[in-house]
There are 2 protein chains.
Amino acid sequence: MEVSPRRILVADDEPDILEIISYNLAKEGYEMYTAKNGQEAIDKAKAIKPDLIILDVMMPKKTGMEACQALRSMPQFQKTLIIFLTAMSDESSQIRGLELGADDYVSKPISTKVLVSRVNALFRRVTKDDDEKILIFGNIRIDTIKFVVFIDEIEYPLAKKEFELLYLLASKQGRVFLRNEILSQIWGREVIVGDRTIDVHIRKIRQKLGIDCITTVKGVGYKFEL
Amino acid sequence: MEVSPRRILVADDEPDILEIISYNLAKEGYEMYTAKNGQEAIDKAKAIKPDLIILDVMMPKKTGMEACQALRSMPQFQKTLIIFLTAMSDESSQIRGLELGADDYVSKPISTKVLVSRVNALFRRVTKDDDEKILIFGNIRIDTIKFVVFIDEIEYPLAKKEFELLYLLASKQGRVFLRNEILSQIWGREVIVGDRTIDVHIRKIRQKLGIDCITTVKGVGYKFEL
DNA sequence: ATTTGTATTATCAAATTGTTAACGAATTAT
DNA sequence: ATAATTCGTTAACAATTTGATAATACAAAT
């Protein structure tokens with residue numbers, strides 16, 4: 001069911017390290033992005049929405065810890081995995097890192113083998129938790145627990161199929177879902193329903209929410225976008 | 001009244017996780033102990049007599065579930081709180097866990113914030129066991145001690161099943177409970193009763209209370225909402 | 001102008017829930 | 001112990017909501 005590659009953002013001020021890490025994780029099939037300092041890491045994270053962020057502790061502009069703290073304060077990065085790269089082997093910095101919400105840390109000098117296996121291990125453990133079934137995009141909140149969509153804290157109840165459809169699209173913001181994908185994801189393998197059915201549900205969502213958050217990509221499918 | 005700190009035993013085969021959990025719960029004032037596998041957890045539990053045991057499901061020597069079963073069979077651990085750490089999100093393992101007597105679950109990857117709040121909540125539940133199982137929502141009061149619902153200080157007596165149902169829904173305000181969830185929570189795992197039974201009880205609650213506090217989510221379930 | 005693809009609307013069938021009444025089981029009162 | 005009452009469940013049917021389709025309108029591309 002999971003198809004798109006995991007996105008990883010690495011932030012370090014040493015270009016060599018950036019390159020080594022990127023190269024090795026890309027080889028593992030990850031989609032790599034880089035940043036040269038803490039501030040850039042934050043900015044890029046917002047745009048890229050990575051699944052994992054690797055932060056060097058010592059960086060100009062903003063340290064890894066400051067960046068981590070800033071990121072964790074934003075709702076959309078509350079569940080994003082974060083790994084610290086630290087030259088310090090003393091526990092105090094590691095503990096501080098954990099306190100700020102890091103999921104793991106790797107000490108310098110890095111062994112690419114160690115890093116890769118830690119990254120893989122982290123992803124292997126990712127499964128949906130009850131506490132993370134809520135999608136937030138600015139003033140829009142898609143809440144699977146309450147089965148309701150909020151826009152500016154106002155509740156918009158959707159029917160089951162409508163909600164499922166919206167949740168599917170929003171779960172990968174910006175990604176275009178082919179009509180086939182939508183059908184098999186929501187209606188199952190043995191689909192009997194016709195293509196028009198999707199349109200009608202899309203229409204109802206647009207109508208009920210009153211905002212333009214689903215974009216039609218003619219001849220291809222639909223995507224969630226703001 | 002002076003209380004000795006609560007003792008918590010954590011068992012996991014990954015030293016990092018052990019450290020993260022220990023650190024964060026120690027910060028909360030708990031007295032932490034660790035074990036590297038299921039067998040060690042059992043041995044240490046006997047010596048330490050912890051108030052809460054956190055067990056990773058997947059461990060060498062003895063799995064968390066095996067350890068739980070072994071502990072629960074000993075009289076001195078019948079009332080000890082047990083939390084499972086599970087990477088699995090599928091119900092089957094959670095259901096098995098419940099059967100074995102777990103008090104809660106936390107899915108991996110662990111958010112320390114979630115874990116800490118769950119632990120605190122569990123202890124809160126234990127202490128308030130006898131004196132404060134009362135839910136209050138504005139002018140509505142659901143009083144488990146008196147087994148009665150108050151609305152504006154007027155008493156509305158409910159039958160047992162009705163009360164249990166209302167309490168379940170209200171215990172997680174806004175959260176949708178699937179019919180299956182309701183059935184297994186209130187009627188137990190070996191459910192024989194039909195689906196209409198829920199409706200009828202819901203109806204009686206609505207009728208008796210005279211207010212609209214239960215919302216139907218068609219095709220999904222019910223939720224408590226004001 | 002024609003083709004291709006999507007939007008919109010109305011309509012109907014199916015799925016789901018609401019409601020009522022009835023009846024045995026469990027509980028309480030006599 | 002027996003009668004009276006309450007409770008939990010089910011069945012039957014009504015009411016409602018939902019989902020799917022067809023028909024038509026519209027838009028863009030060729």
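All chains are named by letter (A, B, ...) in the order of the sequence lines, taking the proteins before the strands, and each is independently numbered beginning at 1.
In terms of phosphate contacts, A:Tyr222 brings a side-chain nitrogen or oxygen within less than 4.0 Å of OP1 or OP2 of C:dA7. Contact check, A:Thr216 against C:dG5: no side-chain N or O comes under 4.0 Å of OP1 or OP2. In this model, the phosphate group of C:dT16 is not approached by any side-chain N or O of B:Arg179 to a distance below 4.0 Å at OP1 or OP2. Between B:Trp187 and the phosphate of D:dT9, there is a side-chain N or O to OP1/OP2 separation shorter than 4.0 Å.
Within 6.0 Å of the CD atom in A:Glu19, the count of heavy atoms belonging to other residues, nucleotides or ligands does not exceed 12. In A:Lys61, the NZ atom is not crowded: 12 or fewer heavy atoms of neighbouring residues, nucleotides or ligands sit closer than 6.0 Å.
A:Tyr30 has its side chain within reach of A:Val119: a pair of non-hydrogen atoms, C-beta onward, lies under 4.5 Å apart.
Scanning for side chain to side chain contact (heavy atoms under 4.5 Å, CB included) contacts around A:Leu158 gives A:Val149, A:Glu162, A:Phe163, A:Leu166, A:Lys208, A:Leu209, with sequence neighbours left out. Remark: A:Thr34 pairs with no residue by the side chain to side chain donor-acceptor pair (under 3.5 Å) rule, at least two apart or across chains. By the side chain to side chain donor-acceptor pair (under 3.5 Å) test, A:Asn139 is found to be paired with A:Asp152, residues two or more places apart in sequence or in another chain being considered.
For the side-chain contact (heavy atoms from CB on, under 4.5 Å) with B:Ile202, the qualifying choice from B:Thr197, B:Leu165, B:Thr216, B:Ile182 is B:Leu165, the only one to do so.
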Close N or O pairs between protein and nucleotides 12-15 of chain C (under 3.5 Å):
none

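Both tests hold for B:Arg175 against B:Phe177: distance to the six-membered ring centre under 6.0 Å, angle to the ring axis within 45°.
Listed by residue number, B:Arg196, B:Thr197, B:Val200, B:His201, B:Lys204 are the residues of residues 195-207 of chain B with a heavy-atom contact under 4.0 Å to DNA chain D.
Each end of the helix from C:dA1-D:dT30 to C:dT30-D:dA1 gets its own axis from five base pairs, and the two axes differ in direction by 30°, given to 10 degrees.
Under the 3.5 Å distance criterion, with hydrogens and angles disregarded, a donor-acceptor pair is assigned to the side chains of A:Asp43 and A:Gln39.
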